[in-house]
Amino acid sequence: MILIAVGNTRTQLARTHDGVHFDSTSVATRLPPTEILHRPGLQWLSARNQELVALGGVVPAALAAWREVLAAAEVREPIPGFFRRAVPHNYHPPESLGFDRRCCLLAAAMDFPGQDSIVIDMGTAIKIDLLAGGYFRGGRILPGIAMSLRGLHQGTALLPEVVLNIPAEMLGNDTSSAIQAGVIHLFTDALRGAITDYRQHSPQAQILITGGDAERWQPGIPGSFHQPHLLLRGFYLWMQGGAPP
């Protein structure tokens with residue numbers, strides 16, 4: 001199976017035979033699919049006309065472009081009803097729960113049955129969701145790290161663009177280090193605060209962290225587990241469970 005998961009900033013492309021091991025890469029979502037398909041190192045995408053292609057994501061225009069390019073392939077998209085049955089929830093309206101959040105929650109629910117999970121997805125936006133008692137209880141959405149840095153730069157006259165270095169000092173003594181200290185400690189406190197709040201509902205919940213910024217931040221979240229392929233795993237399970245008989 002070939003998986004194409006379209007995110008706001010990056011699109012994940014993967015091929016898997018078992019839903020556990022993924023030959024994967026990511027590319028900028030803004031790139032046209034025709035250009036992506038001809039990139040070096042993605043020769044396995046040539047199998048798209050022989051294998052099932054799963055397509056999903058959160059950017060309607062990019063999804064439409066992929067559908068056009070993949071017109072000759074066997075393309076399937078996830079069926080919302082399967083997710084609702086596998087992960088009961090009261091999100092309103094149900095269709096507004098993002099594809100990426102659904103995939104991560106589905107992987108947590110199906111791979112760890114009976115285990116409550118706090119699912120942290122650190123992408124363009126940061127999502128912190130609680131799965132407890134077999135139900136998705138809700139979550140929080142924060143602006144992502146790159147978005148926050150860009151907002152500080154673009155929304156002010158003099159603040160510079162900054163590349164984060166982790167860890168950061170508690171107090172910055174120049175503008176760049178002050179921005180780094182502010183952003184890093186803002187997000188660290190936000191993540192730890194959410195975990196503390198969620199564990200009032202589920203004291204034994206495990207912490208699964210995924211997304212593009214996860215690897216750098218996971219060491220600062222005590223007891224968390226880095227799950228780099230959580231979204232792809234959930235996407236695969238969704239396609240397997242929601243496949244027509």
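One is the number of the first residue; the rest follow in order along the sequence. The figures here come from the full heavy-atom set of this structure, side chains too, leaving out hydrogens, waters and symmetry mates.
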May I ask you to decide if [Y]'s main-chain N or O and [X]'s side chain share a donor-acceptor pair within less than 3.5 Å?
{"X": "Thr11", "Y": "Ala28", "answer": "no"}
{"X": "His38", "Y": "Thr34", "answer": "yes"}
{"X": "Arg102", "Y": "Leu97", "answer": "yes"}
{"X": "His89", "Y": "Phe136", "answer": "no"}
{"X": "Arg10", "Y": "Ser26", "answer": "yes"}

| message | Applying side-chain hydrogen bond (donor to acceptor under 3.5 Å, both in side chains) to Gln206 and Ser117, what does each step give before you reach the verdict? | response | CA-CA 5 Å; Gln206 65 179 350; Ser117 297; 2.9 Å; yes
| task | Any chance you could lay out the side-chain hydrogen bond (donor to acceptor under 3.5 Å, both in side chains) test for Asp116 and Ser202, step after step, and finish with the verdict? | result | CA-CA 7 Å; Asp116 293 356; Ser202 177; 2.6 Å; yes
| request: Go through Arg101 and Tyr91 one step at a time and tell me if the side-chain hydrogen bond (donor to acceptor under 3.5 Å, both in side chains) criterion holds. | output: CA-CA 12 Å; Arg101 296 173 76 189; Tyr91 210 80; 2.9 Å; yes
Shortest non-hydrogen contact from [X] toward [Y]:
{"X": "Ala125", "Y": "Lys127", "result": "O-NZ, 3.1 Å"}
{"X": "Ile179", "Y": "Val162", "result": "CD1-CG2, 3.9 Å"}
{"X": "Gly220", "Y": "Arg192", "result": "O-NH2, 2.9 Å"}
{"X": "Gly19", "Y": "Arg233", "result": "O-NH1, 2.9 Å"}
{"X": "Arg140", "Y": "Ala194", "result": "NH1-CA, 3.4 Å"}
{"X": "Cys103", "Y": "Trp238", "result": "SG-CE3, 3.9 Å"}

| said: With a 4.5 Å cut-off on side-chain heavy atoms, are Leu208 and Ser224 touching? | reply: no
| Quick one: are Ile184 and Trp217 in side-chain contact, heavy atoms under 4.5 Å? |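 Yes; the side chains approach each other to less than 4.5 Å.
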| query | Roughly how far, to the nearest 0.5 Å, is OH of Tyr135 from CG of Leu130? | reply | 14.0 Å
